[in-house]
Structure formats: C-alpha cells, structure tokens
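All chains are named by letter (A, B, ...) in the order of the sequence lines, taking the proteins before the strands, and each is independently numbered beginning at 1.
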Amino acid sequence: MLHKDARICTGREYQQVYQEGKRVAGKYIIIYYQKNRRPTNRFGIVTSKKVGHAVIRNRTKRQLREMARSAAEKIQGNYDIVVVARPSIKGCAYEIIEKDFLLLIKKARLC
RNA sequence: UAAGUAAGUCAGAUAGUCGCAGGUAAUUUUACCUGAGGAAAGUCGGAGCUCCGCAGGGCAGGGUGCUGGAUAACGUCCAGUGGGGGUGACCCCAAGGAAAGUGCCACAGAAACAAACCGCCUGCCCCAAUGGGUCAGGUAAGGAUGGAAAGGCGAGGUAAGAGCUCACCAGCGUUCAGGUGACUGAAUGGCUCGGUAAACCCCACCUGGAGCAAGACCAAAUAGAGGAACUUUGAAGCUGCCCGCUUCGUUCCCGGGUUAGGUCGCUAGAGGUGCCAGGUAACUGGCAUCCCAGAUAGAUGACUAUCAAAUACAGAACUCCGCUUAUAGAUUUACUUACUUU
RNA sequence: GGCCCCUUGGUCAAGCGGUCAAGACACCGCCCUUUCACGGCGGUAACGGGGGUUCGAGUCCCCCAGGGGUCA
C-alpha cells in the first residue's frame with residue numbers, strides 16, 4: 001500500500017479524474033491523469049471484476065502498485081493518476097505490463 | 001506386479017536487496033517481532049455477539065423424521081438396525097404413518113380398489129343339429145394391457161374353479177427369548193390387506209425477527225432528539241391474519257440540507273500443541289505450554305542464487321462448528337481381487 | 001461482507017407431475033402482387049448442468065453454474 005498522501009481515496013475524486021482528466025490507453029491498461037493542487041503525485045489503481053477472480057485481481061493490483069512506486073520519482077509535477085487494468089491483462093508477466101506502463105507514461109508526457 | 005477400496009499428510013524451502021500493514025521499544029526515523037487457506041470460496045445448516053419491550057397470546061406457516069449416543073447447537077458427527085449395489089475390500093439410502101381421512105394413478109386395458117371383456121363350466125330353450133346361438137347362474141386357473149391386476153409355486157380337490165385343503169416361501173397378528181432401543185430368533189393363529197406422504201395430511205420433536213452496512217460512543221459544523229397545539233384516523237417495524245406493543249405522525253413559529261468524519265465493536269477463542277485418563281467411537285476431563293492477520297478504496301509484491309522441476313484450486317473483512325464444491329504433484333498406512341514365483 | 005430473486009427456440013414469454021412442451025416477433029419455403037410491403041398456408045428451432053423421489057419430472061427435493069437486485 002502506498003502512503004496515504006500518495007493515494008486517491010474517495011470515490012468522488014476518482015469520478016473527477018474520469019470526467020475532467022485526460023486519457024491514454026494501452027494494450028493492458030488505461031491511464032487517466034489530471035493536475036491537482038497538492039505538492040505530490042497521487043495514484044489510484046482499479047482492477048474490476050472483469051479482470052478475474054480475487055487472486056488475479058489482487059496480484060495485478062500489487063504489480064501495478066509496484067510499477068507506480070518505482071516510477072513515482074521519474075514523474076514530474078503534481079498529478080492525480082488512475083491506472084485501470086483491462087481484462088486482457090489476465091495472466092501477463094510483469095515485464096510486459098511494465099513495458100506498456102512506461103510507454104503510456106511517455107505518451108502522456110508525464111516524465 | 002496390476003487393478004481397486006478406505007483413512008490421512010504436505011501444499012515449496014533457504015539466503016540477500018528494495019517495498020507494504022500491524023504491534024513493541026526508543027524517540028523523529030530507526031531497530032525487532034508477526035503477517036491469508038485447506039478450502040479463506042459457495043452462503044446450505046447451526047451457534048456466539050448486538051439491537052428490536054429479554055423474546056408477547058391465538059391461528060396459520062416453516063423445518064426435521066429408523067434406534068442409541070456426541071455436541072453450545074445443527075439438516076452435522078459416531079456406533080448400530082433394516083434395505084440396495086459390488087466377486088470382494090467397501091460404498092449408498094429424507095428409512096415414521098397408506099388399517100384416521102382426502103386426492104392422484106395419463107395412454108393402454110373388461111377392471112387401477114375392489115373387477116366378469118374373451119374364455120372355462122352348469123342348467124333351460126331355439127335352430128338348417130358330432131355343431132352353433134339366446135337367457136339365467138357359477139368361476140379369478142388361462143388370455144390381452146400396464147410400472148403395478150387382488151399372495152407366489154407345487155400337490156390334492158372340483159362340473160369348472162377357488163387358501164377350499166396341505167407342504168415350502170412372503171406378509172399380518174399374538175406369545176416367549178435376547179437387546180437400553182431400532183430389531184432379531186423361535187413357536188403359534190386366522191388365512192391375505194395395490195402404489196404414491198421429496199401429493200394434501202396425521203403423529204412426534206424443534207422453531208420470535210433482523211443482521212457487524214448489527215449496534216454503541218465522541219467531537220465538529222451552515223444544520224434541532226427545538227417550542228406550542230391536535231387526534232386515534234393514517235404510515236412503518238414485530239414473516240401472514242386477528243389481538244397486543246413500539247416508533248413515526250398533522251398544524252403553526254424560527255432555521256436549514258442532498259453528504260468530509262473519528263473511536264469502539266475487532267480479535268485470547270466452545271483457541272492451538274503435547275502428555276495422561278475415560279469411552280468401541282464421535283467426544284469428554286485433567287495437567288503443562290504457546291499467543292498465532294486485524295486492514296478501512298482495503299496490507300504479502302519485484303529481482304537474484306541454490307535445491308532435477310516450482311506447479312493446482314485459490315485471497316481474511318465480527319467470530320466459531322459443520323456441510324458442499326474446486327484442487328497440480330508428492331507421499332504414508334491398512335485392506336481386497338487377479339496373475340506369477342517360492 | 002450480509003440478505004434476496006431469476007434461468008424454457010435467435011428474442012419476448014405461457015405451462016395442474018401424463019398426448020407431439022402453448023403463443024407472439026424473427027428466420028426459411030410456397031401462394032397473392034408487375035415488384036416490395038401487408039395478408040394467407042406450411043416448416044426449422046428450446047426446458048442452464050448433475051444427482052434423487054416417482055411407473056413417469058420443464059414442474060417436487062438436494063447440490064453446482066451463470067445472470068440480476070438490494071443495504072448507511
């Protein structure tokens with residue numbers, strides 16, 4: 001679990017990012033992002049029931065969290081970032097997802 | 001050796017680097033400890049706990065259903081009885097009552113709960129007379145139908161037949177013996193009664209409702225269990241109905257809102273492990289010892305090395321006891337059948 | 001996390017334990033029409049899965065699977 005200041009907590013904030021933020025889509029994940037008024041970046045990770053049962057959902061959630069943690073230093077500025085897993089992520093290896101993740105960050109010019 | 005039956009066990013380990021949650025120290029960022037399962041799953045049964053007036057009355061409803069025991073309780077478990085399956089080890093069974101009553105048993109068949117369609121036999125009569133037919137009666141041995149046809153089969157008996165009589169078998173009642181009991185065994189009697197209760201029902205026993213988003217407390221704030229009056233009509237809750245109970249209610253005055261909270265409940269328990277004792281067993285008792293997740297958008301991940309390989313089903317959200325379902329691979333014990341060798 | 005409900009042709013659906021499981025729309029063929037549409041006639045096509053009770057289950061009972069609803 002990331003530190004509480006580096007998380008998006010309430011459902012309202014998620015909705016705000018969905019509606020007002022920008023979006024980039026990859027093969028396995030979708031990233032929504034929006035500038036916030038805080039000093040740091042904040043992450044939110046979403047794995048819906050379409051991805052799979054609880055074990056798969058938890059595993060992908062942890063892997064995405066790990067990516068967000070390792071990439072947090074690279075990202076400039078102060079953004080709210082929501083990472084949504086797509087159903088095709090099921091059963092994919094860590095490196096493949098990480099590749100997709102880094103590509104999307106580059107695309108969104110967050111770093 | 002092969003095939004199988006039953007009961008189990010494990011569910012990757014070790015080391016290093018970075019990272020997460022809780023706790024304890026110290027104290028301002030560091031150390032140490034702990035950190036998912038045998039099913040955490042399905043939510044099928046039960047219980048603890050909490051609130052509803054501490055558990056209301058009547059009717060209805062629901063559940064369970066061989067016997068004895070275990071348990072906090074159960075639709076669970078253990079041991080037995082009866083029935084069924086398998087060569088066998090062994091497995092399966094919601095298994096009370098159909099002689100309290102009601103319903104249903106399609107099609108077929110004469111008839112499905114009490115039966116004469118064909119047939120068989122007897123008597124009388126008629127005709128075209130070694131035969132055929134009408135009428136009256138006897139008869140459940142034979143035929144056809146069906147899942148099921150009025151105890152089965154053999155012998156005697158008879159006009160033809162029939163438990164009409166007899167032997168054996170099945171079933172029912174009574175007595176005796178054994179067993180706590182389900183039931184079993186023996187003797188004996190009259191001679192015989194369809195199936196279905198996971199159809200209504202009867203009998204016996206059990207059963208209040210909701211569920212941790214239960215519920216309790218605290219602060220803060222723009223915000224109130226605010227003040228006055230009214231009536232028993234109306235609404236909601238207590239599964240349905242009747243009673244009964246509780247809370248809302250309506251009008252006037254002042255003031256507002258559509259959704260930021262936090263703490264407890266929250267983990268020490270019908271707890272685990274070992275030994276001893278009782279019991280066929282489920283289980284119970286005693287002693288010693290251990291503390292073993294507690295988050296709140298929700299903690300276990302990434303990389304490297306070694307072990308031949310690292311893989312199945314699958315992730316705690318108040319807790320526990322069961323049941324059911326999913327499950328790669330490895331492995332232990334006991335037993336059965338078949339074959340081969342000695 | 002708790003508590004409930006539903007699964008019948010391609011779709012919407014009815015169905016007392018018993019005849020070949022109604023209907024409607026859709027699809028296919030024929031007729032009608034100069035042609036299309038409308039209309040008429042005919043046809044194809046289904047009880048979520050597995051056990052049990054019963055002579056016989058879409059229906060009764062149990063266990064799964066899938067889908068949906070609801071809560072302060």
Side-chain angles (χ1 to χ4, degrees):
Chain A
M1 198 154 67
L2 296 164
H3 197 260
K4 204 160 188 182
D5 295 335
R7 260 185 301 167
I8 302 172
C9 287
T10 61
R12 230 181 172 186
E13 288 166 335
Y14 274 93
Q15 289 302 320
Q16 199 177 347
V17 176
Y18 288 146
Q19 286 169 13
E20 298 177 15
K22 293 179 179 172
R23 183 178 70 171
V24 281
K27 197 173 180 186
Y28 305 109
I29 48 179
I30 304 172
I31 293 180
Y32 295 82
Y33 60 99
Q34 187 193 20
K35 262 208 166 161
N36 63 12
R37 291 179 187 172
R38 290 159 182 276
T40 55
N41 290 313
R42 294 198 305 169
F43 284 93
I45 289 154
V46 176
T47 51
S48 77
K49 264 192 177 172
K50 289 176 193 169
V51 172
H53 52 72
V55 174
I56 293 175
R57 284 205 308 274
N58 280 346
R59 192 177 168 78
T60 38
K61 210 187 293 175
R62 285 173 197 139
Q63 289 178 338
L64 290 173
R65 200 178 291 137
E66 175 68 21
M67 290 169 204
R69 196 183 61 80
S70 55
E73 299 157 10
K74 295 183 194 170
I75 297 171
Q76 307 289 320
N78 45 343
Y79 285 94
D80 281 349
I81 302 166
V82 177
V83 183
V84 180
R86 306 182 74 177
S88 57
I89 206 169
K90 204 171 165 183
C92 276
Y94 180 81
E95 306 95 67
I96 299 172
I97 305 168
E98 195 177 30
K99 227 180 197 174
D100 204 35
F101 181 74
L102 293 172
L103 196 82
L104 286 178
I105 284 181
K106 224 175 233 175
K107 222 174 173 182
R109 297 185 186 181
L110 290 168
C111 57

Taking the chi torsion of A36(B), is it syn (within 90° of 0) or anti (everything else)?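 It is syn.
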Determine if the base of G163(B) is syn or anti; take syn to mean the glycosidic torsion is within 90° of 0.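 Syn.
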Take atom CD of Glu66(A) and atom C1' of G19(B), then tell me their distance rounded to the nearest Å.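 In whole Å, G19(B) C1' and Glu66(A) CD are 6 Å from each other.
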Whole-Å distance between A297(B) C1' and Phe43(A) CZ?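 Distance, rounded to whole Å: 16 Å.
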Look through every strand shown and name the nucleotide pairing with [N] as Watson-Crick or G-U wobble, where both distances are under 3.5 Å.
{"N": "G39(C)", "answer": "C31(C)"}
{"N": "U30(B)", "answer": "A25(B)"}
{"N": "A299(B)", "answer": "none"}
{"N": "C66(B)", "answer": "G80(B)"}
{"N": "A167(B)", "answer": "none"}
{"N": "U341(B)", "answer": "none"}
{"N": "G9(C)", "answer": "none"}
{"N": "C10(B)", "answer": "G329(B)"}

Going by salt bridge (Lys or Arg N to Asp or Glu O under 4.0 Å), name the residues that satisfy it together with Asp100(A), two or more places apart in sequence or in a different chain.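 Checked Asp100(A) against salt bridge (Lys or Arg N to Asp or Glu O under 4.0 Å); zero matches.
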Base G19(B) to side chain Arg62(A), donor-acceptor N/O within 3.5 Å cut-off: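 Answer no: no donor N or O sits under 3.5 Å from an acceptor.
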Within this structure, what is the CD1-CZ distance for the pair Ile81(A) and Phe43(A), rounded to the nearest 0.5 Å?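 One gets 4.0 Å once the value is rounded to the nearest 0.5 Å.
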Establish, with yes or no, whether the OP1 or OP2 oxygen of A314(B) is under 4.0 angstrom from a side-chain nitrogen or oxygen of Arg59(A).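 Negative; the distance criterion is not met.
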Of the nucleotides G315(B), A299(B), A302(B), which has the atom closest to the Asn58(A) side chain?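 So the nucleotide nearest the side chain must be G315(B).
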Any non-hydrogen side-chain atom of Lys107(A) less than 4.5 Å from a side-chain atom of Leu103(A)?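 No, every pair of side-chain atoms sits at 4.5 Å or beyond.
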With a 4.5 Å limit on heavy-atom distance, are the side chains of Arg23(A) and Tyr32(A) in contact?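 Heavy-atom side-chain distance check passes, below 4.5 Å.
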Starting at the 5' end of RNA chain B and moving along, which residue's nearest nucleotide shows up first, Glu95(A) or Val55(A)?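 Per heavy-atom nearest nucleotide, the more 5' residue is Glu95(A).
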Verify same cluster id: Tyr94(A), Ile96(A) (apolar side-chain graph, 4.5 Å):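 In one cluster: yes.
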Between G19(B) and C49(B), how many Å separate the two C1' atoms, rounded to a whole number?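 Their C1' atoms lie roughly 39 Å apart.
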